[in-house]
There are 2 protein chains.
Amino acid sequence: MTKTLQQITLVGEAVSHPVRLKLLYLLSEKERYVYELSKDLDLSRQVIQLHLKRLENAGFVESDLRLEDDDNRAKKFFRLKSFDVKLEIEDLAKIFK
Amino acid sequence: MTKTLQQITLVGEAVSHPVRLKLLYLLSEKERYVYELSKDLDLSRQVIQLHLKRLENAGFVESDLRLEDDDNRAKKFFRLKSFDVKLEIEDLAKIFK
DNA sequence: GATAGCAGTAATGAATATATTACACGCATA
DNA sequence: TATGCGTGTAATATATTCATTACTGCTATC
């Protein structure tokens, strides 16, 4: 699969922060919602949301706002889509040559 | 090979900027010195040096200040050491589990 | 001797990243 | 009804990133 310059930089940026790596790990286990993650990581909900947005932009996660049967409080769930991080010189050669 | 959290973030950061990716590509062809790169990329020598330092911190490149036979002006050459970018959920699991 | 090649360091400035607090709103529960 | 759970948005503060200019100093070349 051919990667664009922007795809590469977005992925790089996504994995360049420890909190985002932790989020990736947690979401690899099961889907979780924002408030829950902010409690678990002891960080503000807004920052967690920002990090998740970065991960979403990189194509790693996806989300949906969802109601559960027995609770009418909407929760924004995130889950891991794919995690395929691999970069070779050939990828760069295709871009710059 | 086991990766530490910091190793992962350094690598991610290294590949998160288009100029650094271009530098990696150029250095994959042959070694080059700082002044030369700054001319080719039309950027200040100081910024090129900064980007190269990031690449060096991530373990991608190495440098030496060198005199050539017929020229007594020292040149700081950079070359690609290794380029092995691969990250899997298992790497994160080892760190966070 | 002036200009260009080549390095090092320092100061500065604009933009982005990271994190917080604060506000509004609705639902759940003691 | 007060407190906690859960969302959204906005304002703010600090740090870092990215890029520049400016200075120094040496060698090469016209």
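FYI, side chains are in, hydrogens and waters are out, and symmetry mates aren't considered; it's all heavy atoms of this structure. From a predicted model like this one, the values you see are computed outputs, not experimental measurements. Quick note on labels: first sequence line is chain A, next is B, and so on, each numbered from 1.
- For the pair A:Ser44 and C:dT20, the criterion of a side-chain N or O lying under 4.0 Å from OP1 or OP2 is met.
- Taking atom CG of A:Asn57 as the reference point, atom P of C:dA17 lies 11 Å away to the nearest angstrom.
- Under 4.0 angstrom from either OP1 or OP2 of D:dG4 there lies no side-chain N or O belonging to A:Lys39.
- Atom CD of A:Gln46 and atom C1' of C:dT18 are 13 Å apart (whole Å).
- Transitive grouping of hydrophobic side chains (ILVMFWY, heavy atoms separated by less than 4.5 Å) keeps A:Phe77 and A:Ile48 in distinct clusters.
- Taking 4.0 angstrom as the limit, B:Tyr35 places none of its side-chain polar atoms (N or O) nearer than this to OP1 or OP2 of C:dA7.
- Considering only side-chain N and O atoms, B:His51 lies under 4.0 angstrom from the phosphate OP1 or OP2 of D:dA19.
- An OP1 or OP2 oxygen of C:dA15 is reached within less than 4.0 angstrom by no side-chain nitrogen or oxygen of B:His17.
- At whole-Å resolution of the value, CZ in A:Arg66 and C1' in D:dG6 are 14 Å apart.
- Here A:Arg73 does not reach the OP1 or OP2 of D:dG4: none of its side-chain N or O atoms lies under 4.0 Å away.
- Distances from the side chain of B:Leu65 to the nucleotides C:dA17, D:dT7, C:dA7 place C:dA7 closest.
- One can place CG of A:Asp71 at 11 Å from P of D:dT7, the figure rounded to the nearest angstrom.
- Atom CG in B:Leu24 sits 12.0 Å away from atom CG in A:Asp91 (nearest 0.5 Å).
- Heavy-atom nearest nucleotides on DNA chain C were determined for B:Ala74 and for A:Leu43, and the one closer to the 5' end corresponds to B:Ala74.
- Counting to the nearest Å, the C1' atom of D:dT27 and the NZ atom of B:Lys75 are 11 Å from each other.
- Put simply, B:Val15 and A:Leu5 are part of the same group of oily side chains (I, L, V, M, F, W, Y) that touch within less than 4.5 Å, one to the next.
- For D:dT7, the base has a donor-acceptor partner in the side chain of A:Arg45 [N/O atoms by modelled type, under 3.5 angstrom].
- Within 4.0 Å (heavy atoms only), A:Val19 reaches no atom of the nucleic acid at all.
- One atom, CD of A:Glu13, and another, P of C:dT18, lie 7 Å apart when rounded to the nearest Å.
- Taking CG of A:Leu55 as the start and CG of A:Leu50 as the end, the distance is 10.0 Å to the nearest 0.5 Å.
- Taking the six-membered ring where tryptophan is involved, the planes of B:Phe83 and B:Phe60 are tilted, since the angle between them lies from 30° to 60°.
- One can place CZ of B:Arg32 at 14 Å from P of C:dC6, the figure rounded to the nearest angstrom.
- Here the P atom of nucleotide C:dA10 and the CG atom of B:Leu50 are 15 Å apart, to the nearest Å.
- For D:dG6, one of the phosphate oxygens OP1 or OP2 lies less than 4.0 angstrom from a side-chain nitrogen or oxygen of A:Tyr33.
- Within the 4.0 Å cut-off from OP1 or OP2 of C:dA28, at least one side-chain nitrogen or oxygen of A:Asn72 is found.
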